[in-house]
Amino acid sequence: QVQLVESGGGLVQPGGSLRLSCAASGSMFSISDMGWYRQAPGKQRELVAAITSGGRTNYADSVKGRFTISRDNAKNTVYLQMNSLKPEDTAVYYCNARYIWLVQREYWGQGTQVTVSS
């Protein structure tokens with residue numbers, strides 16, 4: 001059983017910064033690939049950034065150079081540092097965890113709202 005809880009969202013002006021946190025329960029965090037996804041109203045959920053259990057990172061082209069994903073295995077927490085925020089970054093941001101044991105297992109947090117004003 002894995003539980004993910006996001007925090008750190010809020011209202012920010014264009015050009016501002018936020019840091020999102022995702023705290024994971026359970027013992028599988030260190031072997032999990034972690035990701036941040038976002039979904040704006042009327043749009044598909046999209047991958048923003050991912051970090052593997054080995055520390056390799058990938059980013060959506062739209063956030064490269066602005067966002068940084070990191071993890072602290074000792075704290076069972078993954079972070080998303082968001083700088084130079086734009087109105088188009090407005091969305092609900094979701095934490096995702098995946099690991100494979102016989103089959104792929106996937107878990108989602110409840111999401112945290114990020115709003116970048118115009």
Side-chain angles (χ1 to χ4, degrees):
Q1 185 173 324
V2 175
Q3 187 174 5
L4 305 173
V5 180
E6 303 96 334
S7 62
L11 176 64
V12 64
Q13 293 183 334
S17 297
L18 285 173
R19 189 177 77 157
L20 306 184
S21 298
C22 172
S25 66
S27 60
M28 297 295 105
F29 182 83
S30 63
I31 66 168
S32 297
D33 295 340
M34 305 297 298
W36 286 99
Y37 291 72
R38 67 187 181 189
Q39 188 168 26
K43 307 199 74 173
Q44 295 289 318
R45 187 172 298 188
E46 64 175 349
L47 176 67
V48 176
I51 184 166
T52 69
S53 61
R56 179 168 52 86
T57 60
N58 292 102
Y59 298 92
D61 288 342
S62 60
V63 307
K64 285 180 180 176
R66 300 189 297 121
F67 291 10
T68 303
I69 189 171
S70 62
R71 66 192 296 159
D72 186 340
N73 287 348
K75 297 181 179 179
N76 277 18
T77 301
V78 63
Y79 305 95
L80 185 68
Q81 178 67 47
M82 305 186 294
N83 298 325
S84 302
L85 282 161
K86 304 174 179 179
E88 48 263 50
D89 296 318
T90 295
V92 178
Y93 284 70
Y94 296 92
C95 183
N96 172 270
R98 298 176 183 174
Y99 66 94
I100 297 174
W101 185 71
L102 300 179
V103 298
Q104 181 173 264
R105 303 165 192 268
E106 185 171 46
Y107 301 89
W108 293 92
Q110 294 297 308
T112 185
Q113 177 71 48
V114 172
T115 302
V116 185
S117 68
S118 59

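Counting from 1, the numbers follow the sequence of the chain as shown.
- Residues Met34 and Val78 come closest through the heavy atom pair CE-CG1, 3.9 Å.
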Got a list of side-chain donor-acceptor pairs under 3.5 Å for residues 89-97, not counting sequence neighbours?
from  : atom 1 : to     : atom 2 : distance (Å)
Asp89 : OD1    : Arg38  : NH1    : 3.0
Asp89 : OD1    : Arg66  : NH2    : 3.1
Asp89 : OD2    : Arg66  : NH1    : 2.8
Asp89 : OD2    : Lys86  : N      : 2.8
Thr90 : OG1    : Pro87  : O      : 2.9
Thr90 : OG1    : Val116 : N      : 2.9
Thr90 : OG1    : Val116 : O      : 3.4
Tyr93 : OH     : Arg38  : NH1    : 2.9
Tyr93 : OH     : Asp89  : O      : 2.7
Asn96 : OD1    : Arg98  : NE     : 3.4
Asn96 : ND2    : Glu106 : OE2    : 3.0

> Please walk me through it: do Trp108 and Arg45 pass side chain to side chain contact (heavy atoms under 4.5 Å, CB included)?
Replying inline: CA-CA 12 Å; Trp108 293 92; Arg45 187 172 298 188; 3.3 Å; yes

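- The salt bridge (Lys or Arg N to Asp or Glu O under 4.0 Å) pairs that include a residue from residues 7-30 number zero, where partners must be two or more places apart or lie in different chains.
- When all heavy atoms of Leu47 and Ala50 are compared, the pair lying nearest together is CD1-CB, 4.2 Å.
- Lys64 meets the salt bridge (charged side-chain N to carboxylate O under 4.0 Å, His left out) test with Asp61; sequence neighbours excluded.
- Atom CD of Glu88 sits in a crowded spot, with more than 12 heavy atoms from other residues, nucleotides or ligands closer than 6.0 Å.
- For Ser30, the side chain to side chain donor-acceptor pair (under 3.5 Å) criterion is met by no residue, not counting sequence neighbours.
- Counting side-chain heavy-atom gaps under 4.5 Å among Ile, Leu, Val, Met, Phe, Trp and Tyr, Ile100 is found in no cluster with other residues.
- Scored by the side-chain contact (heavy atoms from CB on, under 4.5 Å) test, Thr57 finds Ile51, Tyr59, Ile69 as partners (sequence neighbours excluded).
- Between Gly26 and Asn76, the shortest heavy-atom distance links the atoms O-ND2, 3.1 Å.
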>> Apply side chain to side chain contact (heavy atoms under 4.5 Å, CB included) to residues Trp36 and Cys22 and explain how you reach the verdict.
In response: CA-CA 9 Å; Trp36 286 99; Cys22 172; 3.7 Å; yes

>> Apply side chain to side chain contact (heavy atoms under 4.5 Å, CB included) to residues Leu20 and Met82 and explain how you reach the verdict.
In response: CA-CA 8 Å; Leu20 306 184; Met82 305 186 294; 3.8 Å; yes

